[in-house]
Amino acid sequence: MCGISGFYHPQYKASEYLEKIQFMKKTLRHRGPDAEDYFLTDHCGLAHTRLSIRDVSGGSQPMTRSFHGRTATIVYNGELYNVQELKYRLLPFSIHYETSSDTEVLLYCYLVFGPRIFNEFNGIFAFAIYENEKIILCRDHIGVKPLFYYYQNNLLVFASEIKGIFAFGIPSKLNRESWCEIIGLGPAHTLGNGVFQDIYEVLPGHYLEISGENLKDSCYWKLKGIEHQEDYETTVDHCSYLIEDSIHRQMVSDIPICTFLSGGLDSSLITAIVAKNMGEKTLSTFSFDFIDNDVNFKSNTFQSTQDRPYVDLMVKHLGTNHQYLYCNNQNQIDCLYQCVDARDYPCMADVEASMLYFCKIVSKDCRVTLTGECADEIFGGYPWFHQEKMLHTTTFPWSGDLTTRTMLFRKDFIERLSLEDYVQNKYKESVSECPMIESESILEANRRKIFWLNIRWFMMTLLHRMDRCSMYSGLEARVPYADYRILEYVFNIPWSFKCHRGQPKSLLVKCGKKYLPPEILFRKKSPYPKTYDPGYEQMLGSMLLKELENHSPICDILDLDATRKFIFAVKDYGKPWYGQLMAGPQMLAYLLQINYWLKKYQLSVSGSFN
């Protein structure tokens, strides 16, 4: 895993931009602390920082290769999991490989087949290829790996993270749309939207071609609505094969791997399959929780049980080398702003801060981990898949009430945003793009739309969280459930199979029967852990009060009286305003993140409406 960045302009003399390309490289060093280099040619600069996972001694980037008179240079972030199949495709062309890296295979695939080969890549990736006054930016099918860009007046600047673009000298600015994304949709954001003015992201399953003064956006893969033909047992077998194959492929590494283990179905199934394929080696596993949660925990609709008893059961069942990691209030506070540094804009508050903290610790022992991310979105695990009223909602199911989001902001500020119209338009745009099947009933079609929204919005938020939190400390987090083959197959399976006989995620349950004990298979879904210590909320309140007293930037948009009342009134979980975990305490943390963000990037609130 790595950090990539670069620029292209048909009239630039790239050698004059040496200092800038080096600064871009330095800015992304946390994503690849093992090695770094850059490439400069007439009008283009490419930079790379490397986290060495495969072909540790070779595989350095930027990498340049030639084939039949054509020469191209690549910077690449990610992993390809079907290298052997791709090498077989290249076999007739007598390629002489200098390394055993997937980077070289990817580059030769492009030189031989061109962009049409991108759809055959199985992996998580974002890359830039420069060839003869043309540059291509490409992102993996689902969008696991990030790739942002700026394009104005024939100047292209790109990077794995937005901070890399700013390192080139592009100014950080906001507009009305930025605030609509942060307040109306956050911590989610519209696909393709980089939140900052004039900052965009390459869409999942797309690639951009920039040549001279032209930019072309092409889609190489997208989900399709296809009528499911297989019976239930065949479907279960098919799912089992895809899941096991994905996990086995994603175990590839020249350094030790580990897994995150929560004791839930998703992570336990991955851990069990990895452990089975480790041979004589003992798998390392990690679980996360909070200091004193055994005392402060209160069962609720969203989180009915703690993880520890189920983690204990799985560790005993598999015999893994396990570490129980714990986070305290101060750890979360310390990482609250660091995860804004990692993400470049406000994110999932302490839900993200604690993940960043845990990733820091894991990275000291292991540099590659497999996680259970994306299973709920793809297989239907969240409550909104199962609640009748959600099938008839006309907005995002995880964020239905805008009042909870806006009640602490100044009324005149919210009115200027036309927030309800913005959010409703984004919802309608998304639903209109959902691949449908004419023969489906209205109920099944509505449920398909819920899946589509989860894949395009909620899942992407969690994937962004996982990438930034892990890469902030040079940890590569892999997501086997996010294999595009699994997604395009499961997306079209009818609900009666996905929730067979009323069992949530029944396909995963069936797949896991030969690997997991019943207590894990049939455990009620429990989300990522959070602290229930009231002291944490009090710390957040004190921090925010101090910012209000100091007339910090966020004071320009907050209703100060309402905010003070909220600080002193919020004493429990409260009503979630995003997903299941982000409620009262997380609103305080989110406001603190917004304030820090405004200060860090010297952003003007008034200038957002010029």
Side-chain angles (χ1 to χ4, degrees), residues 141-144 223 225-226 228 230-247 250 259-273 302 310 370-387 390-391 397-398 434-435 440 443-444 446-463 466 478-516 520-528 579-580:
H141 299 67
I142 292 177
V144 177
L223 273 179
I226 302 171
H228 191 71
E230 297 174 345
D231 62 26
Y232 180 67
E233 293 302 328
T234 305
T235 300
V236 170
D237 291 342
H238 197 153
C239 281
S240 295
Y241 164 75
L242 288 173
I243 291 168
E244 292 176 7
D245 184 64
S246 177
I247 293 170
Q250 296 195 29
T259 67
F260 290 171
L261 177 62
S262 71
L265 171 63
D266 310 337
S267 65
S268 295
L269 180 56
I270 285 177
T271 300
I273 295 174
F302 305 109
Y310 299 93
L370 275 67
T371 81
E373 210 73 86
C374 302
D376 285 312
E377 292 85 355
I378 294 173
F379 289 92
Y382 293 121
W384 46 78
F385 287 110
H386 303 270
Q387 297 169 354
M390 290 299 183
L391 298 179
W398 52 84
C434 179
E440 283 183 331
L443 191 64
E444 193 75 7
N446 286 346
R447 191 168 268 122
R448 175 181 289 270
K449 291 174 184 176
I450 295 285
F451 272 96
W452 173 255
L453 290 170
N454 272 268
I455 291 162
R456 299 289 280 181
W457 288 86
F458 202 81
M459 187 171 82
M460 295 309 303
T461 305
L462 297 183
L463 286 173
M466 185 60 73
R478 297 177 178 176
V479 281
Y481 293 122
D483 186 314
Y484 78 93
R485 300 171 304 158
I486 294 175
L487 177 57
E488 63 185 8
Y489 180 69
V490 177
F491 181 68
N492 289 299
I493 296 173
W495 181 248
S496 59
F497 288 8
K498 292 176 182 173
C499 191
H500 191 59
R501 296 177 179 173
Q503 172 63 56
K505 293 195 291 191
S506 56
L507 292 171
L508 275 187
V509 172
K510 289 282 283 186
C511 294
K513 277 197 170 182
K514 62 182 177 180
Y515 293 105
L516 304 174
I520 303 296
L521 281 174
F522 301 107
R523 180 190 177 192
K524 183 179 178 181
K525 174 178 168 49
S526 187
Y528 177 79
Q580 304 165 77

Compare all side-chain heavy atoms of Lys510 with those of Gln503 and state whether any distance is below 4.5 angstrom. no
- Task: Quick one: do Ile520 and Leu269 satisfy side chain to side chain contact (heavy atoms under 4.5 Å, CB included)? Show the steps, please.
- Result: CA-CA 9 Å; Ile520 303 296; Leu269 180 56; over 6 Å; no
Using the side chain to side chain contact (heavy atoms under 4.5 Å, CB included) rule, take Tyr481 and Thr371 through it: C-alpha gap first, then chi angles, then the decisive distance, then the call.
CA-CA 9 Å; Tyr481 293 122; Thr371 81; over 6 Å; no
Should Ser246 and Leu242 be marked as a side chain to side chain contact (heavy atoms under 4.5 Å, CB included) after you check the CA-CA gap, both sets of side-chain angles, and the distance that decides it? CA-CA 6 Å; Ser246 177; Leu242 288 173; over 6 Å; no
- Query: For the rings on His500 and Trp495, is their centre-to-centre separation under 6.0 Å?
  - Reply: no
Heavy-atom nearest pair, Ala272 first then Leu516, reads CB-CD2, 3.9 Å
Quiz item: What about Phe451 and Trp384, are their ring centers closer than 6.0 Å?
Solution: no
Taken to the nearest 0.5 Å, the spacing of Leu391 CG from His386 NE2 works out to 10.5 Å
d(Lys498 NZ, Cys239 SG) to nearest 0.5 Å is 9.5 Å
field: Leu265 and Phe522, any side-chain heavy atoms less than 4.5 Å apart
entry: no
Notebook entry, point to check: For Glu230, does its backbone N or O pair with a side-chain atom of Thr234 as donor and acceptor, under 3.5 Å?
Noted result: no
inquiry  = Could you check whether any side-chain N or O of Thr259 sits under 3.5 Å from a backbone N or O of Thr271, counting only pairs where one atom can act as donor and the other as acceptor?
reply    = no
Rounding to 0.5 Å, atoms OG (Ser268) and CG (Leu508) come to a distance of 11.5 Å
_Closer than 3.5 angstrom, by distance alone: can the side chain of Arg478 be matched with the main-chain N or O of Leu370 as a donor-acceptor pair?_
no
Residue set satisfying salt bridge (charged side-chain N to carboxylate O under 4.0 Å, His left out) with Arg447, at least two apart, ordered chain then number -> none
*Any side-chain heavy-atom pair from Ser506 and Tyr232 closer than 4.5 angstrom?*
yes
Enumerate, atom names and distances included, each donor-acceptor pair closer than 3.5 Å involving a side-chain atom of residues 373-380, sequence neighbours excluded.
| from | atom 1 | to | atom 2 | distance (Å) |
| --- | --- | --- | --- | --- |
| Asp376 | OD1 | Lys505 | NZ | 2.8 |
| Asp376 | OD2 | Lys525 | NZ | 2.7 |
| Glu377 | OE2 | Tyr382 | OH | 2.8 |

Heavy-atom closest pair (Gly502 atom, Pro504 atom, distance to 0.1 Å) is O-CD, 3.2 Å
task = With the side chain counted from C-beta on, respond yes when Ile270 and Asp266 share a heavy-atom pair under 4.5 Å apart, and no when they do not.
result = no
By ring-ring contact (aromatic ring centres under 6.0 Å, His included), Tyr310 pairs with (sequence neighbours left out) none
Contacts of Asp237 meeting salt bridge (charged side-chain N to carboxylate O under 4.0 Å, His left out) (sequence neighbours excluded), chain-then-number -> none
Interatomic distance, CG@Leu487 vs CZ@Phe491, rounded to 0.5 Å, equals 7.5 Å
For Tyr241, the ring-ring contact (aromatic ring centres under 6.0 Å, His included) test, sequence neighbours excluded, returns none
Of Glu488, Arg456, His141, the one forming a side chain to side chain contact (heavy atoms under 4.5 Å, CB included) with Leu223 is Glu488
The side chain to side chain contact (heavy atoms under 4.5 Å, CB included) partners of Pro494 (sequence neighbours excluded) come to His228, Glu444, Ser496, Phe497
**Message:** Taking the side chain as everything from C-beta on, heavy atoms only, tell me whether Pro480 gets closer than 4.5 Å to Ile243.
**Reply:** no
Looking only at heavy atoms, the pair that brings Ala482 and Val144 closest together is CB-CG2, 4.2 Å
Can you confirm whether Leu462 sits close enough to Phe458 that some side-chain heavy atom of one is under 4.5 Å from a side-chain heavy atom of the other?
yes
### Message
Could you check whether any side-chain heavy atom of Met459 comes within less than 4.5 Å of a side-chain heavy atom of Leu463, counting everything from C-beta outward?
### Response
yes
Would Ser240 and Leu507 count as a side chain to side chain contact (heavy atoms under 4.5 Å, CB included) here? Give the steps. CA-CA 8 Å; Ser240 295; Leu507 292 171; over 6 Å; no
